[in-house]
Amino acid sequence: MLIILNATGFSPEEFGRRIGLSGMTIRRWLRKPEGTTVPRVYFPAIREACLALVGEGKLDASLPELQPVLFSVGSSAGYQAALRNLGLGDDFTGGRPVSRDQILSGLLQIGAQMPKQTDVDGHSSEVSAFKKLGDEWSSRITTLWTIVRSRKMDLPDKFIAYGALFYLLTPVDFIPDNIPFFGLIDDFAILGLAAAYYTRRNTGPS
């Protein structure tokens, strides 16, 4: 907890507000012996706060101490429903963490669905609104929009871009946090993964 707190630069009071606890409670946790675990009842709130902070660029998702928080997986009745909403099979992950290639495969499956493409095409203003979050957000979104609007690329080559932009539009509170990787990774990282895929391909859309 101390390492995560230091990584944010927040005071215990500031971090406590993000998870609905008092600064005194946070300070009490920090005084406990090293290795003492935080009561599990607080995990969902802490995880939500950490995910939000990763999305805001105030926490590095690769921080080793953050991994158990971000990738703690439990059972949820909404697991299959959320996967179906994304257009993925119930056995997409098998409950296991997935690789970069599997994530790209999932985005391809999402983007291959015409209703998802139509949803993205019909919500360009909502997608563009995310550019206000920062230059890197703007760069990644612009790259993917350039892909989906390209007249030189075949539709199948655009599926990953469509998948990433649809994921961006999908309400965060609809996808349970316990879906391995997809439910936990922030939109910013999904956009970066998809944009990097096209950069590596050296695609030159127009």
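Here, residue 1 is the first one in the sequence, and each next residue gets the next number. Everything numeric here is computed off the predicted structure, so don't read it as measured data.
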Reported [atom1]-to-[atom2] distance for the pair [X] and [Y], which is rounded to 0.5 angstrom:
X	Y	atom1	atom2	answer
Y198	S150	OH	OG	10.0 Å
S124	I141	OG	CD1	12.0 Å
I147	Y162	CD1	OH	11.5 Å
I110	F166	CD1	CZ	7.5 Å
L168	I190	CG	CD1	10.0 Å
L104	I160	CG	CD1	5.0 Å

Q | Pairs touching residues 118-136 that satisfy salt bridge (charged side-chain N to carboxylate O under 4.0 Å, His left out), sequence neighbours left out | A | E136-R140

Q) Can you pull the salt bridge (charged side-chain N to carboxylate O under 4.0 Å, His left out) pairs that have at least one residue in residues 14-25, sequence neighbours excluded? A) R18-E56

**Q.** Any side-chain heavy-atom pair of K158 and R149 under 4.5 Å
**A.** no

Q: Compare all side-chain heavy atoms of L165 with those of H123 and state whether any distance is below 4.5 angstrom.
A: no

Q.
Using only atom types and a distance under 3.5 Å, with no angle test, would you say the side chain of S138 pairs donor to acceptor with the backbone of G134?
A. no

(Q) Any side-chain to backbone donor/acceptor pair from T8 onto L5? Under 3.5 Å, distance only. (A) yes

Qualifying residues under side chain to side chain contact (heavy atoms under 4.5 Å, CB included), relative to [X], sequence neighbours excluded:
X	result
S22	M24, T25
P156	D154, F159
A7	L59, L63

Q: Just jot down the ring pair (Phe, Tyr, Trp, His ring centres under 6.0 Å) partners of W145, sequence neighbours excluded, or say none.
A: none

(Q) Does the plane of the ring in F10 sit parallel, tilted or perpendicular to the ring in F15? Use 30° and 60° as the thresholds. (A) tilted

Q.
Quick check: closest heavy atoms across G16 and I26, and the distance to 0.1 Å?
A. CA-CG1, 3.9 Å

Q: Under the side chain to side chain donor-acceptor pair (under 3.5 Å) rule, collect the residues that match up with R28, sequence neighbours excluded.
A: none

